[in-house]
Amino acid sequence: MGIIDVNHLKFKYSEELPEILKDITFNVQQGEWLAIVGHNGSGKSTLAKLVDGLLEPESGEIKILGETLTDNNVWQLRENIGLVFQNPDNQFVGATVADDVAFGMENRAFKRETMQSRVKDALSQVGMTGFEAREPGSLSGGQKQRVAIAGIIAVLPKILILDEATSMLDPKGREEILKIIRKLKDEHDLTVISITHDIEEASHANRVLVINDGVIVEEGTPENIFEKENELLNIGLDIPYSARLKRSLKALGVSVPDGYLNDKEMSDWLCQSRLTK
């Protein structure tokens, strides 16, 4: 049993439409980072909303902390989950950054002194100290995502779900956000689920699920998944830059190491290699 258990989950938006998810089963362990990847329309964002109780499945079961998610306990169980959306503007409700970070704690009736302390600490953790009085709409895309994440960690959920949360950021902003998530995960033993079509983001995870047309088609470590380059390309997913470079070098007749190399490993190998055929 994991912190999240999904069993034989099926979902469609109406009787007239085909199933978006077809018999999905997986679990997530405490402290794990699970990436769920798939092309647009594969069902991965729908799956995130089902786990958070925003949608109700056609059939199947979702367990959070060992308790089956139902209409009766959805609000209680949802307090264990923080969900960060693709567009942070969709979840801003406060007039200022500090107000927005405090919103989740206000809903949970935190004491004012506790709220003030946690707002300060959460903004510090995401590198946004000094922005307390700013209007969220005046921030850059990366800053908005930092504030959205601060609002989640201020209430200290056990589970953090990132629903395409880095897809609107430039590469530098994306890497900064992922470093923050990694740091928070390690410090607070967070369980992280990242829903993404960005294969580079998935490389940060402990384990990857690949969804295609509502079905889990691959599961494994990032290294195992990225070695299946042809399978990923066939279902409309990209492969990491280091994997693309490796393919190109092989096509030129260069002997490269077996197995997946991340960007740092590829860079180290290139620096040490003479690139002999």
Side-chain angles (χ1 to χ4, degrees), residues 1-13 19-38 42-86 88 90-91 93 101 103-110 118 122 148-165 181-182 184-196 201-202 204-211 214-216 219:
M1 181 181 296
I3 192 170
I4 297 175
D5 295 284
V6 175
N7 298 305
H8 304 293
L9 198 68
K10 295 183 180 181
F11 178 83
K12 55 184 175 182
Y13 283 98
E19 286 182 332
I20 300 295
L21 298 175
K22 310 165 187 176
D23 200 22
I24 296 289
T25 295
F26 68 93
N27 60 40
V28 189
Q29 299 302 312
Q30 170 69 42
E32 182 180 21
W33 186 332
L34 176 71
I36 301 177
V37 302
S42 61
K44 59 188 187 300
S45 288
T46 297
L47 181 56
K49 293 179 176 67
L50 285 162
V51 171
D52 195 46
L54 297 174
L55 296 174
E56 186 175 349
E58 176 189 1
S59 63
E61 178 186 58
I62 299 170
K63 287 186 175 182
I64 309 295
L65 298 171
E67 188 172 349
T68 301
L69 185 65
T70 67
D71 290 339
N72 295 326
N73 63 16
V74 60
W75 292 102
Q76 173 192 345
L77 292 180
R78 192 182 287 165
E79 290 192 358
N80 296 291
I81 302 173
L83 178 58
V84 180
F85 293 102
Q86 177 180 17
N90 294 337
Q91 60 192 108
V93 294
V101 175
F103 180 75
M105 292 183 287
E106 289 177 343
N107 284 344
R108 292 165 173 81
F110 279 54
R118 288 202 180 186
I149 293 169
I152 297 298
I153 64 174
V155 298
L156 294 179
K158 294 181 172 63
I159 300 161
L160 177 62
I161 300 177
L162 307 171
D163 186 7
E164 300 281 10
I181 297 300
R182 169 64 65 184
L184 294 172
K185 174 189 175 297
D186 293 341
E187 289 180 353
H188 300 288
D189 196 29
L190 275 177
T191 300
V192 178
I193 301 177
S194 54
I195 309 293
T196 183
E201 180 176 332
H204 291 259
N206 303 115
R207 184 163 54 102
V208 179
L209 298 182
V210 182
I211 291 185
V215 177
I216 296 175
E219 177 180 357

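- Distance check: I3 CD1 to K63 NZ gives 14.5 Å after rounding to the nearest 0.5 Å.
- More than 12 heavy-atom neighbours from other residues, nucleotides or ligands sit within 6.0 angstrom of CZ on F110.
- The CD1 atom of I211 lies 7.0 Å from the CD1 atom of I195; values are rounded to the nearest 0.5 Å.
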Going by atom type alone, with no hydrogens or angles, which donor-acceptor pairs under 3.5 Å involve a side-chain atom of residues 45-61 and a protein atom two or more places apart or on another chain?
| residue | atom | partner | partner atom | Å |
| --- | --- | --- | --- | --- |
| S45 | OG | D163 | OD1 | 2.7 |
| T46 | OG1 | Y13 | OH | 2.8 |
| E61 | OE1 | N7 | ND2 | 3.3 |
| E61 | OE2 | T68 | OG1 | 3.0 |

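- When all heavy atoms are compared, the tightest approach of V101 to A122 is CG1-CB, 4.3 Å.
- The minimum heavy-atom distance linking V28 with L34 is given by the pair CG2-CD2, 3.6 Å.
- Residues V215 and D23 are not in side-chain contact: their nearest non-hydrogen atoms beyond the backbone lie 4.5 Å or more apart.
- Rounding to the nearest 0.5 Å gives a distance of 9.5 Å between CG of L65 and CD of Q76.
- K12 NZ: more than 12 foreign heavy atoms inside a 6.0 Å radius.
- Between N206 and K185 the shortest side-chain heavy-atom distance falls below 4.5 Å.
- Heavy-atom minimum distance, E201 versus T196: OE1-OG1, 3.5 Å.
- The two residues R108 and E79 make their nearest non-hydrogen contact at NH2-CA, 3.7 Å.
- Rounded to the nearest 0.5 angstrom, N80 CG and L156 CG are separated by 11.5 Å.
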Exercise for the section: Start with the C-alpha distance between L190 and K158, add both sets of side-chain angles, then the distance that settles side-chain contact (heavy atoms from CB on, under 4.5 Å), and finish with yes or no. Expected result: CA-CA 6 Å; L190 275 177; K158 294 181 172 63; 6.0 Å; no
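- At a threshold of 4.5 Å between non-hydrogen side-chain atoms, the residues K44 and V37 do not count as touching.
- Residue P157 comes nearest to G82 through the heavy atom pair CB-N, 3.8 Å, listed as atom of the first residue, atom of the second, then distance.
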